[in-house]
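Shown next, in structure tokens, is the structure this report addresses.
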Amino acid sequence: MTSSLLSVTDLNVSFDTPDGVVRAVSDVSFTVSAGETLGIVGESGSGKSVTASSILRLNSSTNATTTGSAVLAGTDMLTCSDAEVRARRGSEVAMVFQDPLSALNPYYTVGRQIGEAYQVHHPDASKAEVRERVMDMLTKVGIPHPEQRVDEYPHQFSGGMRQRIVIAIALVNSPKLLIADEPTTALDVTVQAQILDLMLSLQAENKMAIILITHDLGVVAEVAQNVLVMYGGRIVERASVDALFDAPTHPYAWGLLGAVGSLDHNKRGELRTVIGTPPSLITLPPGCSFAPRCEYAHSVGSVCTTTVPMLRNIGHLGSFSACHMSDEQIIQIGSKVRA
Ligand code: SF4
């Protein structure tokens, strides 16, 4: 059995706000292996970004309460010391965000920014070594004429080139895990494909794992092996990408997939809008948080509005679903959704 690079167990994250307690993430557990790409999909406010940023302990503001564990290469990122977290950020886990411009310092050259990220974990590297590593990264991420562009500023680059530089900064210390939060959302479609290809080719070099947060099921189909579907701060379906597209097992996933079509790696599909609005994370409904939008809740009965459904294995494809419907019903309806 291959051991997991990352193991998240019973993660709960809440924020105390003047309006009440925001239950951003509830009872989330999953694993990621070396070389694996895990997609996390869901509407905004579903908990996907908070889940990911917890792994880097970026939610440690005074109003946040985090419980559970997130063990990365043997270290629990939620309970280790601040110094240990800092030592692991960049060298073991790095994050790329949606907006490359806000991730870069406009006053420093891109070469300086990549070099400084490298020096955090290589304080004894000589100037020449740092320069060599910077040029190597610029070449790896496909910046043309790196010897000239290394001394330019972020505003002198296009959006796609800036995201390549952000990826260079994230990967300069060869992390074992890259967390990419909507890394291509701000880019046009052609550039999106180039950035995804770049991430996959860099991943292949050192068996890096990737957690890809996206609202785009087409991107998940293209690059991920496994996927978590999140709703109301919980995982409602956990499956391989093939299983999710061939036989989805949760009514929310059925809604999302309705307009995407078959698993075609050339197709891109935005999540379909499911009728209704996501629940407030301050006043989550009792029972299944999807119940107010679920067309099957009436037929299943009051359990949907009284008891939170736990993830359970459904069918023979290894999928897990958090729904009170019987296995038979789920398999029957799920197969029709994809028919
Ligand atoms: Fe719908 Fe009930 Fe299943 Fe929730 S538990 S998804 S309300 S059928």
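Just so you know, these numbers use all the heavy atoms, side chains as well, and skip hydrogens, waters and symmetry mates. Order of listing sets the numbers, starting from 1, for every ligand and every atom in it.
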Proximal ligand 1 atoms for [X], defined as those under 4.0 Å from one of its heavy atoms:
X	value
Val300	8 (S)
Ala297	7 (S)
Ala291	7 (S)
Cys304	2 (Fe), 5 (S), 7 (S), 8 (S)
Cys294	1 (Fe), 6 (S), 7 (S), 8 (S)
His250	6 (S)

Gln225 atom CD: more than 12 heavy-atom contacts under 6.0 Å: yes
Arg23 atom CZ: more than 12 heavy-atom contacts under 6.0 Å: no
Between Thr109 and Asp151: side-chain donor-acceptor atoms closer than 3.5 Å: no
Say you draw a straight line from [atom1] of [X] to [atom2] of [Y]; how long is it, rounded to the nearest 0.5 Å?
X	Y	atom1	atom2	value
Asp181	Ile179	CG	CD1	9.0 Å
Ile213	Lys48	CD1	NZ	7.5 Å
Arg164	Leu171	CZ	CG	12.5 Å
Met161	Gln194	CE	CD	7.0 Å

Atom 4 (Fe) of ligand 1 to nearest N/O/S of Cys288 less than 2.8 Å: yes
Heavy atom of the protein closest to atom 3 (Fe) of ligand 1 (residue, atom name, distance): Cys323 SG, 2.3 Å
Distance from atom 5 (S) of ligand 1 to nearest protein heavy atom, with residue and atom: His324 N, 3.2 Å
Any Glu295 heavy atom less than 4.0 Å from ligand 1: no
